[in-house]
S.K.: 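This is the structure, below, for whatever I ask next.
If you're wondering where the values come from, they're calculated on a predicted model, not measured in any experiment. Counting starts at 1 for both ligands and their atoms, following the listed order. This chain uses plain numbering: 1 for the first residue, then up along the sequence.
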Amino acid sequence: MAQIIDGKLVSRSVREDIKKKVDAIPEGVRRPGLAVIIVGEDPASKVYVRNKKLACEEVGYLSREYALPAETSEEELLSLIDTLNADGEIDGILVQLPLPRGFDEKKVIQHISPSKDVDAFSYVNVGRITVGDADFVPCTPAGVMELLNYYNVELQGKRAVVIGRSNIVGKPQALLLLEKNATVTVAHSRTVDLPSVTREADVLVVAVGRAKFVGADMVKEGAVVIDVGMNRDENGKLCGDVDFEAVEKKASYITPVPGGVGPMTITELLKNTFTAYSRHIKE
Ligand code: GUN
């Protein structure tokens, strides 16, 4: 039976460390500040944004939320980003995705100053990750690395397989694993004979967005299985991309859903915001 990787536990531990650093900021010196922009009424996005605000409050950051109507023009949004880029109290700017139809997401994201791009979506930050010189790392893959590190999972020389090649998870995840000297394969929807590829993995990271996509037949005995998925099963219950009940019998470590990677994402956002703050406060 696999050992469960407890994302809530690791997240709590990292947030306590952040809070200690915030508590140590001298009187009269400003705290880290995060601005979150949400456009429109997407219910899932509203929940995420609320959780980001609560997390900021928990560790003592300044948190500002800008909730704009879906009819907001792109120029207005870009102008708000300009204002926040120049705002001395704000270290991190996050535009919650997806944006409503009609917005050029790429253009909006690239408008955020790279020094405040705590999602690490800007071309500068993506390039820095590629050459192993990143200030910020996208929150989900960073959270996965934090979990692997906390549970002392050896990566050097190991075979790592990432299923999924998105810009937010799969691609940066592969680069971070490579940075730790794993031998990395990125598999995706066009991969031929996926089970034969995933059965090679000592570490398997799954980010495909399909409920219980990975069964026990796709996993090597003793593999470490990280599930980035967040889906609903046929009964409406939250579940990941991995068939947890089947795979936990075969894996050495496994993340549950919920309670695995999920809790780490916002924690990594808090870490990136502190990194941005540490740089800004020296300027
Ligand atoms: N929507 C879903 N995930 C994310 C994320 O990591 N960052 C932003 N900005 N929006 C998202």
S.K.: Can you check which of I37, L94, V95, L97 brings a heavy atom nearest to atom 2 (C) of ligand 1?
M.R.: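 It is L97 that holds the nearest heavy atom.
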
S.K.: Look only at the side chain of E248 and the backbone of I254, and say whether a donor-acceptor pair between them is shorter than 3.5 Å.
M.R.: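 Answer holds: no.
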
S.K.: Report the nearest protein non-hydrogen atom to atom 4 (C) of ligand 1: residue, atom name, distance rounded to 0.1 Å.
M.R.: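 Scanning the protein heavy atoms, the shortest distance from atom 4 (C) of ligand 1 goes to Q96 NE2, 4.4 Å.
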
S.K.: Please list every donor-acceptor pair under 3.5 Å in which a side-chain atom of residues 59-68 meets a protein atom from a residue at least two apart or in another chain.
M.R.:
from	atom 1	to	atom 2	distance (Å)
Y61	OH	L270	O	2.7
R64	NH1	Y66	OH	2.7
R64	NH1	D87	OD2	3.0
R64	NH2	D87	OD2	3.0
R64	NH2	E89	OE1	3.1

S.K.: Quick check: do F136 and K116 have side-chain heavy atoms less than 4.5 Å from each other?
M.R.: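 Heavy-atom side-chain distance check fails, nothing below 4.5 Å.
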
S.K.: Got the closest protein heavy atom to atom 7 (N) of ligand 1, with its distance?
M.R.: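 Residue, atom and distance for the closest contact: D119 OD1, 3.1 Å.
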
S.K.: I'd like to know if the side chain of D135 pairs up with that of N125 as donor and acceptor (distance under 3.5 Å, no hydrogens or angles considered).
M.R.: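 Result is no, nothing qualifies.
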
